[in-house]
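Encoded as structure tokens, the structure appears first; notes follow it.
By convention in this document, chain letters (A, B, ...) are assigned in the order of the sequence lines, proteins followed by strands, and residues within each chain are numbered from 1.
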There are 2 protein chains.
Amino acid sequence: MQNSVFKALSHPARRQILALLRKGPRLAGDLAAEFDTSWPTMSRHLAVLKEAELVTAERQGTQILYRVNTSVLEDAATALLGLLGRDNGDDPMKEAAE
Amino acid sequence: MQNSVFKALSHPARRQILALLRKGPRLAGDLAAEFDTSWPTMSRHLAVLKEAELVTAERQGTQILYRVNTSVLEDAATALLGLLGRDNGDDPMKEAAE
DNA sequence: CTGCTAATTAGCAAAAGTGCTAAATTGAGT
DNA sequence: ACTCAATTTAGCACTTTTGCTAATTAGCAG
């Protein structure tokens, strides 16, 4: 579960998408317009982010509004911070069975 | 540059390695013993981490001592946190040209 | 229902990532 | 120089990821 998040974050385009989304929700189309990749490619990046639950999608009639899922992003940041905390006994990367 | 870091973090084994290393420096061999992947595979994971500068390697005679590079890990965590900060005007994922 | 726009899914080819075994390297000891 | 142990590099097979174009679905307007 943590894994899909980090995998989603591993592509620069997807981090860029999150950076854009950070400033507020955005329509898929507007998002796509900001990148010079093809529309379907953008759509797939969004799907990966959605799968990792880093974003949520909400239909607005014919368009789809994307939004960052702050808590998942927070968890990821926390996991990284846990990786550098001075020894406090428990394993920060231990993850519950999938 | 940020990119190689997130890519390095995208593999669970590599995050585990960092989790082990968090508790203190460790010899490559000891590290390898903790996982059930082959030795060369572990070696490659370490190479990826080193390439991303998430760890540093230091020869100790015939063995090699690995150590987390805290600052790079910190930067990554900070980048993620930047992705969820309330709008403060600048783009947290903007990265200098490669 | 037809047509239009927004967005996703299918299918494919190219590139990158993973993990293995076998071979090479590096340093220490003799 | 020869040998042993620790580690990395080479080479290969296999899977995943990426990005494209073409085709499809979804919702709305007429």
*Rounded to the Å, how far apart are Glu51(B) CD and dT8(D) P?*
14 Å
*Report yes if a side-chain nitrogen or oxygen of Arg59(A) is closer than 4.0 Å to either non-bridging phosphate oxygen (OP1 or OP2) of dA7(C); otherwise report no.*
no
*Separation of Gln63(A) atom CD from dT5(C) atom C1', in whole Å?*
9 Å
*Calculate the interatomic distance between His11(A) atom NE2 and dT17(D) atom P; express it in whole Å.*
12 Å
*OP1, OP2 of dT18(C) versus side-chain N and O of Arg14(B): anything below 4.0 Å?*
yes
_Whether Tyr66(A) contacts dT8(C) is assessed here as follows: a side-chain N or O lying under 4.0 Å from the phosphate OP1 or OP2. Is that the case?_
yes
*Take the protein atom CG of Leu65(A) and the nucleotide atom P of dG27(D), then report the distance between them rounded to whole Å.*
16 Å
*asked:* Regarding Phe35(A), tell me which of base, sugar-phosphate or nothing describes its non-hydrogen contacts under 4.0 Å with the strands shown.
replied: nothing
*asked:* I need the CD1-C1' distance between Ile17(A) and dA7(C), as an integer number of Å.
replied: 14 Å
*Verify, without hydrogens or angle tests, whether Arg67(B) (side chain) and Pro25(B) (backbone) share a donor-acceptor contact under 3.5 angstrom.*
no
*Do the side-chain N or O atoms of Thr41(A) get closer than 4.0 angstrom to the phosphate oxygens (OP1, OP2) of dC20(D)?*
yes
_OP1 or OP2 of dT8(D) under 4.0 Å from side-chain N/O of Ser43(B)_ = yes
*asked:* So Ile64(A) and Glu58(A), do their side chains get closer than 4.5 Å, heavy atoms only?
replied: no
*Want to settle it: does Ala47(B) or Thr37(A) sit nearer the 5' end of DNA chain D, counting the closest nucleotide to each?*
Ala47(B)
*Phosphate OP1/OP2 of dC20(D) contacted by Ser38(A) side-chain N/O (<4.0 Å)*: yes
_Between Arg22(A) (side chain only) and Leu84(B) (backbone N and O only), is there a donor and an acceptor less than 3.5 Å apart?_
no
*With Leu49(A), which of Asn69(A), Leu18(A), Thr56(A), Val68(A) fulfils side-chain contact (heavy atoms from CB on, under 4.5 Å)?*
Leu18(A)
*Counting side-chain heavy atoms from C-beta on, which of dT8(D), dA7(C), dT9(C) comes nearest to Pro40(A)?*
dT9(C)
*Starting at CG of Asn3(A) and ending at C1' of dT18(C), how long is that distance when rounded to a whole Å?*
13 Å
*Hey, is CD on Glu34(A) packed in by over 12 heavy atoms from elsewhere, all under 6.0 Å?*
yes
*Lys7(B) has a side chain; which of dG19(C), dA16(C), dA6(D) sits nearest to it?*
dA16(C)
_Measuring to OP1 and OP2 of dG19(C), would you say a side-chain N or O of His45(B) lies under 4.0 angstrom away?_
yes
*Please state how far atom CZ in Arg44(B) lies from atom C1' in dC12(D), giving the value in whole angstrom units.*
11 Å
_Heavy atoms from C-beta onward define the side chain here; which of dA6(D), dT5(C), dA10(C) lies closest to that of Thr62(A)?_
dT5(C)
*Rounded to the nearest Å, what distance is computed from the CH2 atom of residue Trp39(B) to the C1' atom of nucleotide dT7(D)?*
5 Å
